[in-house]
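All remarks here apply to the structure that follows.
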Protein chains: 2
Amino acid sequence: MQDIEKHLLHRDVQDALELIGGRWRGAIMTSLCGSPKRFSELKEDLKPITSRVLTKELRYLEQNKLINVERSTAAANSVLYTHSEHGSSCGPIILQLRDWAIKHREIMLEYLKE
Amino acid sequence: MQDIEKHLLHRDVQDALELIGGRWRGAIMTSLCGSPKRFSELKEDLKPITSRVLTKELRYLEQNKLINVERSTAAANSVLYTHSEHGSSCGPIILQLRDWAIKHREIMLEYLKE
DNA sequence: TATTTTGGTATCCTCAAAGATACTAACCCG
DNA sequence: CGGGTTAGTATCTTTGAGGATACCAAAATA
């Protein structure tokens, strides 16, 4: 492996972690794994997130094509958030992150016992 | 899937993203995927990271058992950072994150063309 | 012995992410 | 018509991650 490639490698990882990192983005994508949701459902699921932050993060994810936003023209006050095709492709990674976090917790508990 | 389980699901993901999220943690773990490294090698690889931040993040990763720190008793001014057993188990996930980020970049370029 | 390298500390500062709180236009339901 | 719900905005404030800069003791090296 060349130096340049190594360098690019962690730059890519940084990019990925900016997309789904931070306090809420990963959680939002996770919440949408189960099923499409409306704003209020997301807010409930991610409590104690605030409207302001949820709006901002949803706009970010929309701009980065990770979610689709169906602002139904007919019944106006209803907006559906769903994974985009590419957004749903991070589902498996998220599941692995979850499993890894659970394993991590167990390992930390082991150390605390000793 | 029950509501409670859904709730736990994204909490776990948030935990994982705290462990390897932020500006540098994922990159450090990535850099250590290739081979064990010394402080100065990490600093070079992760340029423009500062000593202060690198130290802080390494201590965090050490406390969370994701890396081992070999402070060689014999030759004192030499410290080796390596993945712990559990730390190395996030290697595959990191590779997938990298692939996913690369794919994301391509997709965004597609949209810009149109 | 002098100099450089290594692996850090010590302070101070900035800025952006996130929270608290209040408010609102449009709709929908009875 | 009136009250509640939906999907947000508008301000203001806080917090802490991360950066800039300077400094340092111990060890290696020349």
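Because only heavy atoms are used, hydrogens play no part in the values below, and waters and symmetry mates are left out as well, while side chains stay in. Below, chains carry the letters A, B, ... as their sequence lines are ordered, and counting in each starts from 1. Bear in mind that the values here come from a model prediction, so they are computed numbers and not experimental data.
Partner A:W100 forms a side chain to side chain contact (heavy atoms under 4.5 Å, CB included) with one of B:D12, B:V13, B:I20 and no other, that one being B:I20.
Formation of a donor-acceptor pair under 3.5 Å by the A:R71 side chain with backbone atoms of A:N77 is not found in this model. Checked by atom type and distance alone, the side chain of B:D45 never pairs as donor or acceptor with a backbone atom of B:E41 at under 3.5 Å. B:K37 contributes a side-chain N or O that, together with a main-chain N or O of B:S31, makes up a donor-acceptor pair within less than 3.5 Å. Side-chain atoms of B:R98 never come within 3.5 Å of backbone atoms of A:Q14 as a donor-acceptor pair (strictly under, hydrogens ignored).
Between its two ends, the helix from C:dT1-D:dA30 to C:dG30-D:dC1 turns its axis by 30°, counting five pairs per end and rounding to 10 degrees.
Under the 4.0 Å criterion applied to side-chain N and carboxylate O atoms, A:E106 and A:K103 are not assigned as salt-bridge partners.
Distance, A:L17 CG to D:dG18 P: 12 Å, rounded to whole Å. C:dA20 atom C1' lies 17 Å from atom NZ of A:K47, rounded to whole Å.
Aromatic ring pairs are classed by plane angle as parallel below 30°, tilted from 30° to 60° and perpendicular above 60°; the pair B:Y81 and B:F39 is tilted.
The side chain to side chain donor-acceptor pair (under 3.5 Å) search around B:Q96 returns A:Q96, not counting sequence neighbours.
Checked by distance alone, A:N77 brings no side-chain donor or acceptor within 3.5 Å of a matching partner on the base of D:dA7.
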For nucleotides 8-18 of chain C, read 5' to 3', which letter fits each nucleotide if B means a protein heavy atom sits under 4.0 Å from the base, S means only the sugar-phosphate is that close, and - means neither? BBBB------B

